[in-house]
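Read through the structure below, which is laid out as structure tokens, and then see the notes.
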Amino acid sequence: MRFAAIADVHGNYLALEAVLADIGAQGIGEIVNLGDMASGPLDARRTMDTLMALDAVHVLGNHDRYLIDRPTEKMGSWDRPAHAQLDAKHLDWLRAVPKTTVFRDQVFLCHATPDHDEVYWLETVLPDGTVRLSSLDAIEAHAHGIMQSLILCAHTHLARAVRLRDGRLIVNPGSVGSPGYRDIHPFAHVIEAGTPDARYAIVELVAGAWRVTFRHVPYDHETMAALAIRNGQFELAHTLATGWIR
């Protein structure tokens, strides 16, 4: 059993195309997508067309939910421009995507945590804005009741793997299309990947044990940074170009 896990494309179609090409070059035929597909001031339409054409298993991210559960005037700065690019077929497709699912009976998929699509699972934000690895007790609390030996999550855009005391493995593949962002919940903080590369993970079951390889894929990030500038998103443009928040 060998497959690729992608997440947090956020409308970055060039990063997505580069990752899909790399997945194909690795000889991998199965893909799971952990959500946050279109939202962002980039190219939501082209991104959704690509994802909808994939033979993949998808789960809904919080930003995907924002596109279908509220009027446009209540949407945020990343969701409103994406929504304006999408047709009814894209939104109807998102409405049919589950919030969680199980892949091939052995892998539990969610966007953030099993119960909440906006809660960090593997990371904790301190009041001073420091982002650190969550305690094992806190991580295991969210995994209570999940029977699968592999759990995949996303949301924080940080590639990470954590082994639980009972042997289960939790993996965040990192973000395909957004190497950094700024947030105010639960406290003001920034997430920075440190490079502009597109990220995903290859997961393989070998002799009953899960192996994870994190892939960093170079792509034409300058073109996407220029698109962000044209759309008035200068901080995002710098992040796309460098992997750092300015």
Side-chain angles (χ1 to χ4, degrees), residues 3-10 15 19 32-36 59 61-63 99-100 103 106-206 209-217 235 239-240 242-246:
F3 65 95
I6 67 173
D8 294 294
V9 179
H10 283 290
V19 161
V32 301
N33 169 29
L34 305 174
D36 274 9
V59 294
N62 60 305
H63 279 280
K99 294 181 179 179
T100 67
F103 174 63
Q106 299 184 70
V107 187
F108 182 88
L109 310 179
C110 66
H111 177 69
T113 70
D115 298 318
H116 303 282
D117 64 10
E118 298 177 316
V119 173
Y120 289 4
W121 193 341
L122 303 182
E123 287 79 28
T124 293
V125 182
L126 303 181
D128 67 358
T130 300
V131 180
R132 64 165 178 80
L133 178 67
S134 295
S135 71
L136 185 54
D137 285 343
I139 292 170
E140 290 186 331
H142 286 300
H144 179 73
I146 297 176
M147 305 305 296
Q148 287 72 31
S149 59
L150 177 64
I151 301 167
L152 298 183
C153 66
H155 189 51
T156 62
H157 299 199
L158 296 175
R160 191 189 292 277
V162 172
R163 181 78 64 182
L164 305 186
R165 282 171 283 210
D166 62 9
R168 287 177 296 169
L169 184 66
I170 306 179
V171 175
N172 184 330
S175 173
V176 170
S178 179
Y181 63 87
R182 187 184 302 275
D183 202 351
I184 61 172
H185 301 293
F187 306 102
H189 65 281
V190 297
I191 296 291
E192 298 168 308
T195 78
D197 299 336
R199 288 164 168 78
Y200 78 100
I202 298 172
V203 189
E204 187 173 12
L205 185 62
V206 179
W210 292 106
R211 297 182 181 180
V212 181
T213 302
F214 294 107
R215 300 279 294 176
H216 290 197
V217 182
E235 183 174 84
T239 306
L240 290 167
T242 66
W244 298 92
I245 296 290
R246 183 175 63 186

- Evaluate the side chain to side chain contact (heavy atoms under 4.5 Å, CB included) criterion for residues V203 and F103: first the C-alpha distance (whole Å), next the side-chain angles of each, then the deciding distance (0.1 Å), finally the verdict. CA-CA 12 Å; V203 189; F103 174 63; over 6 Å; no
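- The closest donor-acceptor contact from the side chain of H189 to the backbone of T130 lies at 3.5 Å or more, if one exists at all.
- In this model, no donor atom of one side chain and acceptor atom of the other lie less than 3.5 Å apart for D137 and S135.
- Annotation: the span from W210 atom CH2 to I170 atom CD1 amounts to 14.0 Å, rounded to 0.5 Å.
- Using a 4.5 Å heavy-atom cutoff, the side chains of P179 and L240 are in contact.
- Here the rule is side-chain contact (heavy atoms from CB on, under 4.5 Å) with Y181, and of T156, V190, D8 only T156 fits it.
- Residues H185 and E118 form no side-chain contact, since every pair of their non-hydrogen atoms from C-beta on lies 4.5 Å or further apart.
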- Chi angles and distances behind the side chain to side chain contact (heavy atoms under 4.5 Å, CB included) call for E235, R182: CA-CA 9 Å; E235 183 174 84; R182 187 184 302 275; 2.6 Å; yes
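- In this structure, CD1 in I151 is found 11.5 Å from OG1 in T100, a value given to the nearest 0.5 Å.
- Separation of atoms CZ (F108) and CG (L150) is listed at 11.5 Å; rounding is to 0.5 Å.
- For the atom pair CG of N62 and NE2 of H155, the computed distance is 5.0 Å after rounding to the nearest 0.5 Å.
- If you take CD on E123 and CG on L158, they are separated by 5.0 Å, rounding to the nearest 0.5 Å.
- Distance CZ/R211 to CG/L169: 13.0 Å, rounded to 0.5 Å.
- Taking the six-membered ring where tryptophan is involved, the planes of H10 and H157 are tilted, since the angle between them lies from 30° to 60°.
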- Start with the C-alpha distance between D117 and H111, add both sets of side-chain angles, then the distance that settles side chain to side chain donor-acceptor pair (under 3.5 Å), and finish with yes or no. CA-CA 6 Å; D117 64 10; H111 177 69; over 6 Å; no
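- Heavy-atom contacts from other residues, nucleotides or ligands closer than 6.0 Å to CZ of R163 number more than 12.
- Counting only distance, with no hydrogens or angles, the side chain of S149 and the backbone of R168 share no donor-acceptor pair below 3.5 Å.
- Considering only heavy atoms from C-beta on, I191 stays 4.5 Å or farther from D183 through its side chain.
- One N or O on the side chain of E192 and one on the backbone of I245 form a donor-acceptor pair closer than 3.5 Å.
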- Item | Worked check of side chain to side chain contact (heavy atoms under 4.5 Å, CB included) between V162 and L133 | CA-CA 10 Å; V162 172; L133 178 67; 4.0 Å; yes
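- Of the possible polar contacts, one joining the R199 side chain to the D197 backbone as a donor-acceptor pair under 3.5 Å is found.
- Counting only heavy atoms from C-beta outward, the side chains of F214 and V171 approach each other to under 4.5 Å.
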- Given L122 and S134, is the side chain to side chain contact (heavy atoms under 4.5 Å, CB included) satisfied, shown in steps? CA-CA 5 Å; L122 303 182; S134 295; 5.6 Å; no
